Amino acid sequence: MQFGNILTAEGWRLGEIHWEGGRIKRISGEQIDPDANAHPRILPGFIDLHVHGGGGADVMEGGEALATLARTHVRFGTTRLLATTMTAPDDHIRRALRDIAAYMQAPAPLAAKVLGVHLEGPYINPGKLGAQPAYARTGLIEELDELCSLAPIRLITLAPELSGHMALIRHLSERGVRVQLGHTLGSYEEGVEALAHGACGFTHLFNAMTGLHHRKPGMVGAALAHAEYAELIPDLLHVHPGAILTALRCIPNLYAVTDSTAAAGMPDGDYRLGEQTVTKCLGGVRLADGTLAGSTLTMDQALRNFVSLGLSLAEASDRLSRIPADFLGLGDIGRLEEGAAADFVVLDPQLQLQAVFVEGRSILGGA
């Protein structure tokens, strides 16, 4: 049992949340304005669909690195995540997928749950790599089917303008894999066409894609005009606050990701991002040439950043929990209601993390 201001689908309740067997059994209490008291705020656990690393560990290392990053991110309120790969040689990607699948069969205790894979590349535009290594290429349906047999790939980022990728988007969509557009030099028209073929989101909106111009709207224009879903990195470094507010007005289901690297939760210094070395300094992570290379953002800070931009705590919570769960079609996480997974975080009135529970098990703080 945990007492506090509980954010439910019907609004805030001051009461108790009870669970059994990892599932919420009952939520008691009366509707309340949480700002009227100093009791803790209880929110659904955060769901991060773009995680490259954390705690000094990188997804592409596989093995124990997966446990390290999952234990790191749970300390900041992330209860579920997608292990996100990098553009890399084929054998490196296959090895990473096998390691993720093996880890999911025997996950580490006291850690965030890995929901599956976000395959970011190699099917991206070589002219818009961002911090991705130079192994970009076009994809083939047979190859993607093979990769999907190695691990549960839930989400793929690709560039729609590459030859054959419209058909690839339709195929992936039909087999239940979510497709996001990113690392792309595609036009507005190609973005709209990709959405018509089954693409359903945009990867780190504004970053590594063609920008908005009033006579050439680009991929950003396609997202702002037509997207139902898009991910965004709200570290206030990757995207200006004004651009974030623009996206919030345009895209109903904009949701937060960290795009975190091995440097997340670590001191300044050099870390791995796939096969590259990146440097954490001045609140960010960069390649040697200064290119932003993922982030050090954690989801609890993403929540506070959204609130600092004027979002209510309830809306900010939705964009870190319910919306990413809905994007993946998972109705039993990302919300606090009877029957849902007992994944939740407890924060003080200043939104500092006090406790984290995964399937009812106390990971950080709590009883």
Side-chain angles (χ1 to χ4, degrees), residues 49-53 57-63 65-66 69 82-101 116-151 153-169 171-172 177-186 190 194 199 202-204 207-210 219 231 233 257 259-263 270-279 285-295:
L49 305 188
H50 198 146
V51 179
H52 289 290
D58 184 271
V59 165
M60 299 301 289
E61 296 175 277
L66 297 166
L69 70 89
L82 289 183
T84 305
T85 60
M86 291 286 290
T87 297
D90 292 349
D91 58 329
H92 292 193
I93 293 173
R94 285 173 168 79
R95 183 178 65 228
L97 293 179
R98 292 189 188 98
D99 281 357
I100 294 167
V117 177
H118 176 173
L119 190 74
E120 190 180 16
Y123 313 115
I124 60 177
N125 196 310
K128 208 67 170 174
L129 290 172
Q132 296 277 341
Y135 296 101
R137 57 185 179 78
T138 56
L140 300 173
I141 287 175
E142 297 78 9
E143 179 184 31
L144 261 297
D145 284 345
E146 179 195 353
L147 294 182
C148 287
S149 74
L150 299 178
I153 298 175
R154 291 185 176 269
L155 174 60
I156 292 178
T157 292
L158 54 73
E161 69 274 15
L162 300 187
S163 176
H165 277 201
M166 294 298 176
L168 188 60
I169 290 169
H171 176 77
L172 289 166
V177 178
R178 307 293 270 172
V179 178
Q180 288 188 159
L181 310 179
H183 290 276
T184 170
L185 287 172
E190 287 166 327
F202 294 79
T203 294
H204 41 54
N207 300 115
M209 63 180 63
T210 45
M219 198 61 65
E231 63 167 61
I233 308 168
V257 297
D259 196 5
S260 58
T261 65
D270 291 340
Y271 298 93
R272 300 300 297 171
L273 179 59
E275 67 172 28
Q276 301 179 110
T277 298
V278 296
T279 301
V285 185
R286 290 176 168 82
L287 298 176
D289 65 2
T291 300
L292 282 171
S295 83

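Nothing fancy with the numbering, it's 1 onward along the sequence. Hydrogens, waters and symmetry mates are skipped; everything else that's a heavy atom, side chains included, is used. Since we're looking at a predicted model, the values are computed, not measured.
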- Task: Verify the distance criterion only: is there a donor paired with an acceptor across the side chains of His52 and Asp259 at less than 3.5 Å?
- Result: yes

- Residues forming a salt bridge (Lys or Arg N to Asp or Glu O under 4.0 Å) with Glu275, sequence neighbours excluded: none

- Message: Could you report the tightest heavy-atom contact between Met209 and Met219, atom names first, then the distance?
- Response: CB-CB, 4.1 Å

- Query: With Asp145, which residues qualify under salt bridge (Lys or Arg N to Asp or Glu O under 4.0 Å), at least two apart?
  - Reply: Arg175

- Set of residues satisfying side chain to side chain donor-acceptor pair (under 3.5 Å) with respect to Tyr271, sequence neighbours excluded: none

- Query: Hey, does Val257 have a side-chain heavy atom less than 4.5 Å from the side chain of Ile233?
  - Reply: yes

What donor-acceptor contacts under 3.5 angstrom involve side-chain atoms of residues 93-100, with partners at least two apart or in another chain?
{"from": "Arg94", "atom 1": "NE", "to": "Glu146", "atom 2": "OE2", "distance (Å)": "3.2"}
{"from": "Arg94", "atom 1": "NH2", "to": "Glu146", "atom 2": "OE1", "distance (Å)": "3.0"}

- Task: List in chain and number order the residues that pass side-chain contact (heavy atoms from CB on, under 4.5 Å) with Leu292, two or more places apart in sequence or in another chain; answer none if no residue qualifies.
- Result: Leu237, His238, Arg286

- Query: Under 3.5 Å, is there a donor-acceptor pair between the His118 and Thr157 side chains?
  - Reply: yes

- Tell me, please, which residues at least two apart from His183 pass ring pair (Phe, Tyr, Trp, His ring centres under 6.0 Å). His204

- Task: Could you tell me which residues satisfy side-chain contact (heavy atoms from CB on, under 4.5 Å) with Ala194, sequence neighbours excluded, listed by chain and number?
- Result: Pro160, Met166, Ile169, Leu181, Ala199

- Only counting residues at least two apart or in another chain, list the ones meeting side-chain contact (heavy atoms from CB on, under 4.5 Å) with Ala159. Asn125, Glu161, Leu162, Thr184

- Query: In a check of side chain to side chain contact (heavy atoms under 4.5 Å, CB included) between Tyr135 and each of Asp90, Ile124, Thr87, Leu129, which one passes?
  - Reply: Thr87

- Note: Ala65 and Glu61 closest approach over all heavy atoms is CB-CB, 3.7 Å

- State which residues pass side chain to side chain donor-acceptor pair (under 3.5 Å) with Thr261; sequence neighbours excluded, sorted by chain then number. none

- Query: Heavy-atom distance under 4.5 Å between the side chains of Thr84 and Leu119, does that happen here?
  - Reply: no

- Val117 and Ala151: which non-hydrogen atoms are nearest, and at how many Å? CG2-CB, 4.0 Å

- Start with the C-alpha distance between Val51 and Leu82, add both sets of side-chain angles, then the distance that settles side chain to side chain contact (heavy atoms under 4.5 Å, CB included), and finish with yes or no. CA-CA 6 Å; Val51 179; Leu82 289 183; over 6 Å; no

- Quick one: closest heavy-atom pair of Ala88 and His92, and the distance? CB-CB, 4.0 Å

- Test side chain to side chain donor-acceptor pair (under 3.5 Å) applied to Thr279 - qualifying residues, sequence neighbours left out: Asp270

- Can you name the side-chain contact (heavy atoms from CB on, under 4.5 Å) partners of Leu287, sequence neighbours left out? Ala131, Gln276, Val278, Asp289, Thr291, Ala293

- What pairs meet the salt bridge (Lys or Arg N to Asp or Glu O under 4.0 Å) rule with one or both residues in residues 177-186, with sequence neighbours excluded? none

